[in-house]
Amino acid sequence: MTPLLALADALERVLASVRPTQAITEMGLIDALGAVLAEDILATVPVPGDDNSAMDGYALRSAEADTGLRVVQRIPAGSTEAVELTPGTAARIFTGAAIPPGADAVVMQENCSVLDDVLTVSGPVEPAQNVRPRGQDIAAGSTVLKRGRVLRPQDMGLLASVGCARVPVYTPLKVAVLSTGDELVEPGDSKLRRGQLYNSNRYTLAGLVRSLGMTCIDGGIVPDDPEATAQALAEAAETADCVITSGGVSVGEEDHVKAQVERLGQLDLWKLAIKPGKPLAFGRIGNTPFIGLPGNPSSVFVTFCLVARPFLRRMQGVTEPDGVRLQALAGFAVNKPGGRQDYLRVSLESTPAGLRAHRFDNQSSGVLSSVSYSDALAVVPPGTTIAEGDVIDILLLDLLT
Ligand code: AMP
Ligand code: MG
């Protein structure tokens with residue numbers, strides 16, 4: 001029997017083979033959510049561009065604050081007309097407006113009174129008080145975001161703040177998804193007959209691929225037949241940057257993926273020491289990378305997140321690490337130590353003692369409800385027992401999908 005392969009070893013092999021894409025596209029910033037920056041972005045301007053007011057109030061010279069000051073200007077946000085503040089004067093100013101030359105502080109309006117255009121200030125005034133200095137967010141010439149960054153909403157805003165309207169990103173990878181199995185029927189097509197089931201992996205995988213910002217090429221259902229399998233694989237490899245299949249990688253008579261990939265390219269078949277998700281194939285069809293996921297719906301999800309996702313991210317040019325682990329308190333016990341690393345599907349509850357992880361009752365690899373129920377995967381290393389209340393490692397699904 002083939003020995004089990006630890007996930008870390010499988011990942012090392014998978015990642016070692018990645019050739020990151022070199023294809024670059026320019027994209028409108030508004031469309032760039034989830035895309036991967038292909039170049040460092042430098043700031044051509046400082047943010048903010050001017051010293052500006054953090055308050056509605058009065059701009060003045062702090063050294064003159066305890067004298068009566070004549071209010072001679074009104075500077076709303078966006079005003080470009082402000083003139084130098086001469087000694088003995090102050091300016092009415094509003095949040096975000098540029099501080100006029102000569103002024104060095106802003107007093108909030110609640111601490112000011114104005115009578116006949118003469119300002120009296122209560123309380124002490126420090127230099128630079130309520131002034132947001134030019135460049136406090138971003139200095140001109142500094143690197144705003146680095147190549148390899150997956151753009152998040154706040155990153156899009158940050159790039160806009162330095163005047164960036166278009167961004168160079170790596171062209172999103174095209175990932176072909178094929179679902180193997182004679183038992184599969186497309187939802188919407190027809191009523192199920194005995195022995196059939198609806199193809200759920202196609203949808204899970206399409207969602208997972210898209211959540212990576214990549215394009216999913218839907219290869220549909222591939223029957224359990226050597227020729228059909230070979231043809232579907234070859235076609236997918238022609239059009240896509242990576243081919244992913246579900247099912248058909250066990251070594252039963254009806255599992256044709258292994259033999260056909262071997263015919264068209266090269267393949268390693270592993271028994272991963274994880275649960276769910278034991279069988280996993282990795283190789284290439286021609287020069288197109290190939291990942292063969294198991295068929296069981298929960299296994300598909302877990303192996304995609306743990307193996308295919310890091311592979312695809314690396315191939316897409318992402319430089320940031322993945323798979324941040326958090327900790328939670330076990331809301332369950334594991335009494336029998338397992339031989340494989342378990343990824344239990346758990347939901348999370350905030351409690352005064354911290355996050356508490358609740359295990360879905362049925363952890364069978366065929367039970368997709370367990371994944372739909374869960375907020376995280378709880379990592380239980382091989383040979384480990386867990387008592388209720390123990391601190392355990394979790395992988396948040398929000399960080400994986
Ligand atoms: P296999 O590895 O092909 O033997 O598949 C293992 C199990 O996963 C079988 O019970 C299949 O019916 C199930 N399965 C395979 N592909 C899918 C799919 N696309 N959607 C739902 N279940 C599937
Ligand atoms: Mg099958």
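Keep in mind it's a predicted model, so treat the numbers as computed, not measured. Indexing begins at 1, ligand by ligand and atom by atom, following the structure's order. Throughout, residue positions are numbered sequentially from 1 according to the sequence presented.
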[X]: which residues meet the side-chain hydrogen bond (donor to acceptor under 3.5 Å, both in side chains) condition with it, sequence neighbours left out?
X: Arg13; answer: none
X: Asp155; answer: Arg149, Arg152
X: Arg356; answer: Glu388

Quiz item: Under a 4.0 Å heavy-atom cut-off, which residues neighbour ligand 1?
Solution: Ser179, Thr180, Glu183, Leu184, Leu197, Tyr198, Asn199, Ser200, Asn201, Ser246, Gly247, Gly248, Ser250, Asp255, Gly295, Asn296, Pro297
Quiz item: Do Arg92's NZ or CZ and the ring of Tyr58 fall within the cation-pi criteria of under 6.0 Å and 45°?
Solution: yes
Quiz item: Say you draw a straight line from OG1 of Thr229 to CG of Asp224; how long is it, rounded to the nearest 0.5 Å?
Solution: 6.5 Å
Practice problem: Starting from the C-alpha separation in whole Å, work towards a yes-or-no answer on side chain to side chain donor-acceptor pair (under 3.5 Å) for Asp104 and Ser62. | Solution: CA-CA 6 Å; Asp104 71 341; Ser62 56; 2.8 Å; yes
